[in-house]
Protein chains: 2
Amino acid sequence: MILSTKGRYGLKAMFELGLQYGKGPIPLKVIAERQTIPENYLEQLIAILRKAGLVKSVRGAQGGYLMLRPPEEVTVGQVLLALEGPMAPAECVTDSESPKCKLASGCVTRGVWEKISHSIHDVIDTMTLQHMIEEQISTIEKE
Amino acid sequence: MILSTKGRYGLKAMFELGLQYGKGPIPLKVIAERQTIPENYLEQLIAILRKAGLVKSVRGAQGGYLMLRPPEEVTVGQVLLALEGPMAPAECVTDSESPKCKLASGCVTRGVWEKISHSIHDVIDTMTLQHMIEEQISTIEKE
DNA sequence: TTTAATCTTGACAAATTTAGTAGGGTATTC
DNA sequence: GAATACCCTACTAAATTTGTCAAGATTAAA
């Protein structure tokens, strides 16, 4: 159940944007280099994040990308939702209406999926980019 | 991040085997019908579960499959691990040795993956097939 | 105003995974 | 020996993943 590179690369990119918050745009090339992500591929990922309203772009020389909101207000869950789709083990426990599964009462696994989904969301909807940044700082200090 | 049908079908099949525990073998055909799973496909899935030591088979007429251990001793995590691989969002937080990721200290996302992984395992390593059966019974009673 | 940096879009594609289907072989029981 | 049921392998269509590549649009700065 490993996430795809979309989510993994995307969250790393958002971390870099979070570090840079308030300091003007940062070019994609720099993010790609720092996190070792193929630049052309990252382009596609950040387009998704832009459409999701998480980042905006500044064109032209000295341009780049920047976060719309401060890192305290952006959760890991928002980033992963945009890139990976709903972070739930089955469709029937997704927020979106799921009229497909009419076995609601007959389904023997639904309870399991609900519990997994809740436990994941407890983490990702609570954790923000700011938390990631702070954790990173304390890790470096210990070295 | 929806699970594949492997895990979803497989857990449903294990539930049926759990219900039947102690009552002799149950043919695959019956499981497939009850849970609406393509029989030939389920054959492949149960082969995986057999190799993982979760079920055993009895060949010939009146044969079928049965669980090796009582449903109280089989966790959802064991089933999903066999069918879906490690239930973690990234390789680096898998139990198996992961020498690939040497960025352990430099990786900015590892902390996130660890937390997600822990929260998932809190659920799936605790929940057994017996729990699923009990939950199902109480659901039916309420109707 | 030219140039260079940068974003934007869309096409292409190899590799892998998913979700099966199909069919022949083997063991057991009645 | 016929019926039942597991066992194994091969095949495949479709989707997803993980990129690459090229052309063009936009803007800042010299």
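Chain A is the first sequence line, chain B the second, and so forth, proteins listed ahead of strands; every chain is numbered from 1.
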task: Identify, with sequence neighbours excluded, every residue that meets salt bridge (charged side-chain N to carboxylate O under 4.0 Å, His left out) alongside B/Lys6.
output: none
Can you tabulate the close N/O pairs, meaning under 3.5 Å, that link protein atoms to atoms of nucleotides 13-15 of chain C?
none

task: Would you classify A/Arg8 as touching base, sugar-phosphate or nothing, given that sugar-phosphate means primed atoms plus P, OP1 and OP2, and contacts are heavy atoms under 4.0 Å?
output: nothing
message: With a strict under 4.0 Å distance from non-hydrogen atoms of chain B, what nucleotide opens and what nucleotide closes the contacted stretch of DNA chain D, reading 5' to 3'?
response: D/dT4 to D/dA10
message: Between A/Ser57 and C/dT8, is there a contact of a side-chain N or O with OP1 or OP2 at under 4.0 Å?
response: yes
- prompt: When you measure from the side chain of B/Arg69 to the backbone N and O of B/Val74, does any donor-acceptor pair fall under 3.5 Å?
  reply: no
statement: Rounded to whole Å, CD1 of A/Ile48 lies from C1' of C/dC7 at a distance of 16 Å
query: Tell me the side chain to side chain donor-acceptor pair (under 3.5 Å) pairs involving residues 70-88 of chain B, sequence neighbours left out?
result: B/Ser4-B/Glu84
statement: Whole-Å distance, B/Ile37 CD1 to C/dA19 C1', equals 13 Å
Taking only distance into account, with no hydrogens and no angle test, what donor-acceptor pairs under 3.5 Å do side-chain atoms of residues 43-61 of chain B form with protein atoms, sequence neighbours excluded?
none

Can you give me every donor-acceptor pair (side chain of residues 117-128 of chain A, partner residue at least two apart or in another chain, under 3.5 Å) with its distance?
{"residue": "A/His118", "atom": "ND1", "partner": "A/Glu114", "partner atom": "O", "Å": "3.4"}
{"residue": "A/Ser119", "atom": "OG", "partner": "A/Ile116", "partner atom": "O", "Å": "2.9"}
{"residue": "A/Ser119", "atom": "OG", "partner": "B/Ser119", "partner atom": "O", "Å": "3.2"}
{"residue": "A/His121", "atom": "ND1", "partner": "A/Asp125", "partner atom": "OD2", "Å": "2.9"}
{"residue": "A/Thr126", "atom": "OG1", "partner": "A/Asp122", "partner atom": "O", "Å": "2.6"}
{"residue": "A/Thr128", "atom": "OG1", "partner": "A/Gln130", "partner atom": "N", "Å": "3.3"}
{"residue": "A/Thr128", "atom": "OG1", "partner": "A/His131", "partner atom": "N", "Å": "3.2"}
{"residue": "A/Thr128", "atom": "OG1", "partner": "A/His131", "partner atom": "ND1", "Å": "3.3"}

Please write out each protein N/O paired with an N/O of nucleotides 27-30 of chain C under 3.5 Å, distance rounded to 0.1 Å.
{"residue": "C/dA27", "atom": "O4'", "partner": "B/Arg59", "partner atom": "NE", "Å": "3.4"}
{"residue": "C/dT28", "atom": "O2", "partner": "B/Ala61", "partner atom": "N", "Å": "3.4"}

Any residue meeting salt bridge (charged side-chain N to carboxylate O under 4.0 Å, His left out) with B/Glu33, in chain and number order, not counting sequence neighbours: none
Rounded distance in Å - NZ (A/Lys51) to C1' (C/dC7): 13 Å
field: Test side chain to side chain contact (heavy atoms under 4.5 Å, CB included) applied to B/Gln35 - qualifying residues, sequence neighbours left out
entry: A/Val108, B/Lys12, B/Phe15, B/Glu16, B/Ile37
Enumerate all atom pairs, one protein N or O and one N or O from nucleotides 22-24 of chain C, separated by less than 3.5 Å.
none

- request: Apply salt bridge (charged side-chain N to carboxylate O under 4.0 Å, His left out) to A/Glu39 and list each qualifying residue two or more places apart in sequence or on a separate chain.
  value: none
- prompt: Which pair of non-hydrogen atoms, one from A/Leu11 and one from B/Trp113, has the smallest distance, and what is that distance?
  reply: CD2-CH2, 3.6 Å
Proximity to DNA chain D (any heavy atom under 4.0 Å), residues of residues 15-31 of chain A only: none
